[in-house]
Number of protein chains: 2
Amino acid sequence: MSAAREESRVPGREPLTAPVEDYLKAIYAIGRGSGAAATNEIAQRLALAPASVSGMVRRLADQGLLAYERYHGVKLTESGRRAALRTLRRHRVIEAYLAEALGYPWDRVHEEAERLEHAASDELVDRMAATIGEPEVDPHGAPIPTKDGSVDETEYTSLADLAVGASGVVVRVADEDPEMLRYLGELSILPGKRITVRSRAPYDGPITLGSGRQEISIGPALASHVLVAPLADRAGKRG
Amino acid sequence: MSAAREESRVPGREPLTAPVEDYLKAIYAIGRGSGAAATNEIAQRLALAPASVSGMVRRLADQGLLAYERYHGVKLTESGRRAALRTLRRHRVIEAYLAEALGYPWDRVHEEAERLEHAASDELVDRMAATIGEPEVDPHGAPIPTKDGSVDETEYTSLADLAVGASGVVVRVADEDPEMLRYLGELSILPGKRITVRSRAPYDGPITLGSGRQEISIGPALASHVLVAPLADRAGKRG
DNA sequence: GAAATAAGTTAGTATGCCCTAACTTTTACC
DNA sequence: GGTAAAAGTTAGGGCATACTAACTTATTTC
């Protein structure tokens, strides 16, 4: 039980609140690399009212974490970007650790990490990473930022955009929806899996894939959540 | 005013906030077994103003977690006790896990656990416990409550109360002060260690101990933070 | 057992973060 | 290029938790 509640800082990090870290993560995810994040999109990702975002965004700008121009969205400052990447590192290392060291199924690591990322110190996260061999990606294939704040920001191709005949290796799947993850698991569409687009039905219809020795068929909504590294054999992207 | 709040439950636990969990832990620690907890003592443990405690205590009573009589302190209800023990289990399992699985030094597990206990799900805590073999005590020797809410509440003797000539096994040390823990570590006064009181200087002076093949001397303030299970050989308690 | 002291409470205020309702600015379209 | 729709903002509240200052109740002391 803590006496001396004083500062209660987490070692190696300014004491950002959980909501603030969530805002920064969301803004990073939206404007990855460059673009500005729209108030409405932040609100949607965080399941908040746009008005709430306006208020918070102003405070974050005052703290120097965001560059904010009224009516024109926000961008992370360098300091904001660093804070976002620290949180992202925490999140993904925790996900990887839960899966690797504690046998968590990949569809449930996200939710647990979502809470732990705000409580774990950098030291804990670094120990976790070391214990499981400094992984470079989380269980869904998302790259883990390094301690010094760099990330692989390669933009991969969505499976929904891969042309018929093209092959690729699944590098990453969206991590938030447990049901979707379980389904992808059943189909064994997992990071590392090599797949080939065999056919696409018209009007955004099902996509048929060759994957290993089996053939499977998925809808475009699902396909859009699967990112692949195209293999240079026959075809490229589809417009 | 407040009634049951819906959303965002942590699996297997009512959605208590971090402050509430801290209050319950503190109240449990104060009145362990029976007694009522005084407002001032709660305030001191949590490093809060007494007025803040009055306010919170009323709300917790409204929620059925405390029995509260104005001007006469509080006691945990059965529901409050269960909640306190869940948090305590989380705390101690996490401490044990950090030490065992991640190589944390015993003087730093407390602080980290203090934050994680509010974010970890019961499932995570149970997986941690299973992974390190269902420990019964944390690294400082404190008993870990079981999932179904029972704890060993044995009251041990403080080393400060052990009579000259008496022997005992260290079962537990206070866990909050890292510096003290490092010092105890240097002296290798650790849970499991067998010690004998060789002499006591008068006027609350230093206590000389035989411990293994060495002889060490500690002050009564430190000794009061070391709990021992007396061995029935020569003498009993003092005072 | 009354006065002094300690302990505890209420009142009023602050902060962080959220909401809805109403208003303003930007954008998109004919 | 003016107007409707979309996007964003401000105004005004609410809730949880904390604080200080002032008041009340309980306990101690002579």
Side-chain angles (χ1 to χ4, degrees), chain A residues 1-9 14-27 30-31 35-75 83 114-115 118, chain B residues 1-10 14-27 30-31 35-75 83 115 118:
Chain A
M1 252 122 300
S2 54
R5 167 151 304 194
E6 285 303 288
E7 313 268 309
S8 91
R9 336 186 129 235
E14 291 77 56
L16 300 180
T17 63
V20 167
E21 292 184 336
D22 286 338
Y23 272 86
L24 295 177
K25 270 200 312 174
I27 293 164
I30 293 167
T39 299
N40 270 357
E41 195 168 353
I42 299 169
Q44 193 172 3
R45 283 202 183 234
L46 299 176
L48 301 175
S52 308
V53 174
S54 283
M56 178 63 111
V57 136
R58 166 163 309 175
R59 267 171 287 159
L60 297 184
D62 289 348
Q63 288 181 243
L65 294 165
L66 299 180
Y68 175 41
E69 245 189 305
R70 259 158 82 261
Y71 293 102
H72 295 283
V74 297
K75 285 182 63 171
E114 201 63 20
R115 280 176 281 107
H118 305 300
Chain B
M1 293 267 181
S2 52
R5 166 151 321 206
E6 283 299 319
E7 328 285 326
S8 85
R9 325 189 140 235
V10 171
E14 290 76 56
L16 300 180
T17 62
V20 167
E21 292 183 335
D22 286 338
Y23 273 87
L24 296 177
K25 272 200 310 173
I27 293 164
I30 293 167
T39 300
N40 269 357
E41 194 168 353
I42 299 169
Q44 192 173 5
R45 284 206 185 231
L46 298 176
L48 300 175
S52 309
V53 173
S54 282
M56 178 63 112
V57 137
R58 164 161 311 171
R59 268 171 293 168
L60 298 184
D62 289 348
Q63 289 181 243
L65 295 164
L66 299 181
Y68 175 42
E69 244 188 306
R70 257 157 85 260
Y71 292 103
H72 295 283
V74 297
K75 284 182 64 171
R115 280 175 280 106
H118 305 300

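Naming convention: chains lettered A, B, ... in sequence-line order (proteins, then strands); numbering from 1 in each chain.
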Report yes if a side-chain nitrogen or oxygen of B/T17 is closer than 4.0 Å to either non-bridging phosphate oxygen (OP1 or OP2) of D/dA16; otherwise report no. no
Do the side chains of B/E21 and B/L24 get nearer than 4.5 Å, heavy atoms only? no
Going by side-chain contact (heavy atoms from CB on, under 4.5 Å), name the residues that satisfy it together with A/R59, two or more places apart in sequence or in a different chain. A/M56
Chain B on DNA chain C: first and last contacting nucleotide, 5' to 3', under 4.0 Å to a heavy atom? C/dA7 to C/dT10
Measure across B/Y68 and B/A61 and return the closest heavy-atom pair with its distance rounded to 0.1 Å. CB-CB, 3.7 Å
Can you tell if the side chain of A/L65 reaches within under 4.5 Å of the side chain of A/I27, non-hydrogen atoms only? no
Taking only residues two or more places apart in sequence, or in another chain, which ones meet A/A43 in a side-chain contact (heavy atoms from CB on, under 4.5 Å)? A/P50, A/V53
Side-chain N or O of B/R59 versus OP1/OP2 of D/dT17: is the shortest distance under 4.0 Å? yes
Partners of A/A26 by side-chain contact (heavy atoms from CB on, under 4.5 Å), sequence neighbours excluded? A/R45, A/L46
Compare side-chain N and O positions of B/Y23 against OP1 and OP2 of D/dA18 and report whether any pair is under 4.0 Å apart. yes
Of the residues in residues 60-72 of chain A, which ones touch DNA chain D at a heavy-atom distance under 4.0 Å? A/Y68, A/R70, A/Y71
According to salt bridge (Lys or Arg N to Asp or Glu O under 4.0 Å), who are the partners of A/E114, at least two apart in sequence or on a separate chain? A/K25
Looking at DNA chain C, which of residues 48-58 of chain A put a heavy atom within less than 4.0 Å of it? A/L48, A/A49, A/A51, A/S52, A/M56
Please examine the side chains of B/L48 and B/Y23, heavy atoms only from C-beta on, and report whether any two atoms are closer than 4.5 Å. yes
A/T39 to A/S54 - nearest heavy-atom pair and separation: CG2-OG, 4.1 Å
Do A/R70 and A/R58 have side chains that approach each other closer than 4.5 Å (heavy atoms only, starting at C-beta)? yes
